[in-house]
Amino acid sequence: MTQPVVDVAAAVIERADGSFLLAQRPPGKVYEGYWEFPGGKVESGEPISQALARELHEELGIDVELAYPWITRVYPYAHATVRLHFHRVVSWRGEPHPHERQALAWQSGTQITVSPMLPANAPVLKALSLPTSLGITRAWETGTDAALRQLRLALGCGLRLVQVREKNLDAAARKIFAAHVVREVHAVGGIAMVNSDVQLATSLGAGLHLPSRELMAATSRPDVEWCSASCHDAVELEKARALDLDFVLLGPVHFTPSHAGSPEMGLNRFADLVRDYSLPVFALGGMRAANLDAARRCGAHGIAMVRGAWGPN
């Protein structure tokens, strides 16, 4: 017999320092004693954002000011299948305090000190460790020395997620450049990705990014800690989800010189494609830091930038 699907509005309530709030399920509830992200059941016909605001007011006594739609995860528990609609709540009025006898704890993604966690939350915790800005290298355009100078400046300003995409460099130059980038990014605790070359990515201890053609040809997830892919439509998004990748880049959202012949989808189409999607999605194509808020309001985890990540050209 097919289980009913219960829609739940779930909140990642985030402080400016990156810590987030977890709540312990109170006595008498299913999975009592387990820790979870605050939220609750969506009533019939109720918009998700309205359910989120209602639940957080009732449960924690806070009023939501700004919440970005994020990822949607489906998990089959013994009692029901839940569809968790996560929002990242970054601004609110009031101080969270328990209204339902539940314990609360502010946590860091790098060090969870409470347990046990509800099993549906493991992929969410990993996704939360992803920065919201991704820089894609362009040494093929600027030269490797200039690209490394730009990288160091960007890392000094807080960039912590970088993809090496240098298909126009010869293999030897690409290997040397990628090694420099991965070393620099890892030195500041960031995440480095290598585009297409699984052997190079593995040898450097980096993540792997799959171009869309390689995504569609893949039959299983590559054996790397972080794996992402480029997507342009719903079919490619579904393939990335089926492979259980960690995140995707979707675009082009706006015009970009690197894909000058590709049609722009715009933010409205982007929002339609990522609605209720389970993986974090970076908006790609013509992105600058100033576009981050608008992209997140449309469901993006963050933005991926080629030229926009490295300052003035």
Side-chain angles (χ1 to χ4, degrees), residues 5-75 77-132 158 276 278 280 292-293 296-302:
V5 176
V6 178
D7 285 295
V8 172
V12 181
I13 302 171
E14 297 178 88
R15 286 173 167 167
D17 63 2
S19 61
F20 50 85
L21 190 67
L22 294 178
Q24 190 176 36
R25 293 182 65 81
K29 285 196 173 183
V30 178
Y31 286 97
E32 67 175 68
Y34 279 72
W35 291 83
E36 64 180 352
F37 292 94
K41 182 180 177 182
V42 179
E43 302 297 339
S44 178
E46 186 179 28
I48 303 296
S49 58
Q50 183 176 313
L52 184 83
R54 174 182 55 76
E55 285 287 343
L56 295 186
H57 181 78
E58 294 174 357
E59 186 177 332
L60 301 173
I62 63 173
D63 295 311
V64 174
E65 292 183 326
L66 177 58
Y68 295 115
W70 189 37
I71 59 176
T72 299
R73 304 287 302 190
V74 177
Y75 194 88
Y77 288 103
H79 66 290
T81 295
V82 296
R83 182 163 49 220
L84 296 151
H85 302 266
F86 285 93
H87 284 64
R88 301 183 76 163
V89 181
V90 298
S91 180
W92 63 90
R93 293 188 304 275
E95 184 63 27
H97 56 281
H99 282 197
E100 298 178 353
R101 299 178 298 150
Q102 75 275 39
L104 303 176
W106 289 99
Q107 297 287 290
S108 166
T110 58
Q111 188 176 9
I112 303 297
T113 61
V114 296
S115 65
M117 289 284 294
L118 278 177
N121 291 318
V124 179
L125 292 173
K126 185 177 183 182
L128 279 175
S129 68
L130 278 171
T132 55
D276 293 334
S278 61
L292 179 59
D293 176 71
R296 295 185 73 184
R297 289 176 186 270
C298 291
H301 173 91

Do the side chain of [X] and the main chain of [Y] share a donor and acceptor less than 3.5 angstrom apart?
X     : Y      : result
Glu55 : Leu60  : no
Gln24 : Trp35  : no
His85 : Leu52  : no
Arg73 : Ser278 : yes

- Would Thr72 and Phe86 count as a side chain to side chain contact (heavy atoms under 4.5 Å, CB included) if you check the C-alpha gap in whole Å, the side-chain angles of each, and the deciding distance to 0.1 Å? CA-CA 6 Å; Thr72 299; Phe86 285 93; over 6 Å; no
- Message: Does Trp70 form a side chain to side chain contact (heavy atoms under 4.5 Å, CB included) with Arg88? I'd like the steps, not just the answer.
- Response: CA-CA 6 Å; Trp70 189 37; Arg88 301 183 76 163; 3.8 Å; yes
- Task: Go through the side-chain N and O atoms of His97 and His99 and say whether any donor and acceptor fall under 3.5 Å apart.
- Result: yes
- Task: Taking atom types as modelled, find out whether Tyr75 and Asn121 have a side-chain donor-acceptor pair closer than 3.5 angstrom.
- Result: no
- Message: Within the structure provided, determine whether Val64 and Leu66 are in side-chain contact (heavy-atom separation under 4.5 Å).
- Response: no
- Query: With side chains defined as the heavy atoms from C-beta onward, is the minimum distance between Ile13 and Phe20 less than 4.5 Å?
  - Reply: no
- Does OH belonging to Tyr34 count more than 12 external heavy atoms closer than 6.0 Å? no
Determine all donor-acceptor pairs shorter than 3.5 Å in which one atom belongs to a side chain in residues 37-50; sequence neighbours excluded.
from  : atom 1 : to    : atom 2 : distance (Å)
Glu46 : OE1    : Glu43 : N      : 2.9
Glu46 : OE1    : Arg54 : NH2    : 2.9
Glu46 : OE2    : Arg54 : NE     : 2.8

- Item | Cationic N near anionic O, under 4.0 Å, Glu32 to Arg25 | no
